[in-house]
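Notes follow once the structure below has been shown.
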There are 2 protein chains.
Amino acid sequence: MVQPSFDAFQAIADPSRRKMLRLLSKDSLTINSLGEHFDMSRPAVSKHVKILHAAGFISIQDIGRERHCTLKQDGFHHLQEWIDYFDKFWVSKLKKLETLLNNKSQNKK
Amino acid sequence: MVQPSFDAFQAIADPSRRKMLRLLSKDSLTINSLGEHFDMSRPAVSKHVKILHAAGFISIQDIGRERHCTLKQDGFHHLQEWIDYFDKFWVSKLKKLETLLNNKSQNKK
DNA sequence: ATAATACGTAACTTTTAAGTTACTCAAACG
DNA sequence: CGTTTGAGTAACTTAAAAGTTACGTATTAT
């Protein structure tokens with residue numbers, strides 16, 4: 001897994017880029033076929049693809065003059081790790097609450 | 001869970017806001033105490049907090065003239081759901097590969 | 001009652017992101 | 001070998017985000 005050169009969080013901040021990832025979850029697509037789903041110029045699509053690639057969300061395979069974009073796990077992993085950190089926070093918060101409740105019920109005895 | 005009025009993905013696109021969430025995972029903080037960790041004016045901090053709140057990442061409790069910010073799960077859930085969708089994609093991709101490999105080994109027999 | 005504190009709002013500036021058009025290049029096609 | 005097709009780059013415009021200062025308003029402290 002190569003170090004991403006673009007912030008994953010910023011990459012998915014744009015709705016068009018999120019839509020692109022959704023489309024790519026159905027099928028590998030070229031720049032043009034991807035662009036058919038959007039109301040924007042091809043260079044704009046190109047830019048978005050570049051960002052998604054730099055952030056590790058897609059891999060690109062050049063076949064002749066076409067560029068085939070495929071979903072890649074790296075970017076998603078990065079996000080998952082971030083969320084996992086906070087997940088731990090909730091778990092420990094629950095544990096604290098649990099301990100608190102246990103102590104209370106013990107006091108009643 | 002109230003419908004968020006701000007896009008969760010955009011909310012965490014900003015590094016300062018992500019740092020704020022990290023800080024809040026350690027402790028509930030007021031606007032000012034939060035701001036101490038940043039090199040920006042207090043109104044700027046206020047704006048970020050507003051966004052995090054609107055996106056469902058924090059809850060705010062007014063105590064006198066202070067505003068206490070606490071981490072909230074809603075925003076994180078939203079993100080997790082999004083990632084989960086793609087997780088399914090990887091799983092099904094793996095299954096397809098598995099089936100493919102099984103068929104190949106059967107042909108050998 | 002007055003001063004200090006904690007914060008929000010408004011108006012504005014600056015920065016950055018997203019989009020455009022015009023152009024270029026290389027691969028495929030006839 | 002000229003032409004079409006798929007895509008990248010450069011220069012620019014537009015729009016949105018992030019930040020600022022100046023000011024207003026409750027709440028707390030003296």
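In what follows, every heavy atom counts, from backbone to side chain, and hydrogens, waters and symmetry copies are set aside. Residue numbers begin at 1 in each chain, while the letters A, B, ... track the order of the sequences.
- The minimum heavy-atom distance between A:Gly35 and A:Val45, with the atom names listed, is CA-CG2, 3.8 Å.
- For A:Arg17, counting side-chain heavy atoms from C-beta on, the closest listed nucleotide (C:dA18, D:dG8, C:dG19) is C:dA18.
- In this entry the distance linking CG of A:Asp14 with C1' of C:dT16 reads 13 Å, nearest Å.
- Counting to the nearest Å, the P atom of C:dT15 and the CD atom of A:Gln10 are 17 Å from each other.
- Between the C1' atom of D:dA17 and the CZ atom of B:Arg18 lies a distance of 15 Å, rounded to the nearest Å.
- Nucleotide C:dT21 holds its P atom 13 Å from the CE atom of A:Met40, rounded to whole Å.
- Of the side-chain N and O atoms in A:Thr30, none sit less than 4.0 angstrom from OP1 or OP2 of D:dG6.
- Not one side-chain nitrogen or oxygen of B:Ser41 sits closer than 4.0 Å to the OP1 or OP2 atom of D:dG19.
- An OP1 or OP2 oxygen of C:dA17 is reached within less than 4.0 angstrom by no side-chain nitrogen or oxygen of A:His48.
- Counting to the nearest Å, the P atom of D:dA18 and the CG atom of B:Asp39 are 16 Å from each other.
- In this structure, A:Lys47 does not pair ionically with A:Asp14, as no charged nitrogen and carboxylate oxygen lie closer than 4.0 Å.
- As rounded to whole Å, 11 Å separates atom C1' of C:dA3 from atom CZ of B:Arg65.
- For D:dT5, neither phosphate oxygen OP1 nor OP2 lies less than 4.0 angstrom from any side-chain nitrogen or oxygen of A:Asn32.
- A straight line from CZ of B:Arg67 to C1' of C:dT5 spans 16 Å, rounded to a whole angstrom.
- Between A:Trp90 and B:Phe76, the ring planes lie perpendicular to each other; the angle is over 60°, past the 30° to 60° tilted range.
- Put simply, A:Arg42 has no side-chain N or O that comes within less than 4.0 Å of OP1 or OP2 on C:dT21.
- At a threshold of 4.0 angstrom between heavy atoms, the contacts of A:Lys47 include nucleobase atoms, whether or not backbone atoms are also involved.
- Between A:Lys50 and D:dT9 there is a side-chain N or O to OP1 or OP2 distance below 4.0 Å.
- Two residues, B:Ala44 and A:Glu66, neighbour DNA chain D, and the one matched to the more 5' nucleotide by heavy-atom proximity is A:Glu66.
- Candidate nucleotides C:dA6, C:dG19, D:dT9 were compared by shortest atom distance to the side chain of A:Ser16, and C:dG19 ranks first.
- The separation between A:Phe9 atom CZ and C:dA17 atom C1' is 19 Å, rounded to whole Å.
- Side chain to side chain, A:Gln80 and A:Asp84 meet the donor-acceptor criterion of an N or O pair below 3.5 Å.
- For B:Ile31, taking side-chain heavy atoms from C-beta onward, the closest of the listed nucleotides C:dT21, C:dC7, C:dA18 is C:dC7.
- Geometrically, A:Lys72 does not engage A:Phe57 in a cation-pi contact, judged by NZ or CZ lying under 6.0 Å from the ring centre and within 45° of the ring axis.
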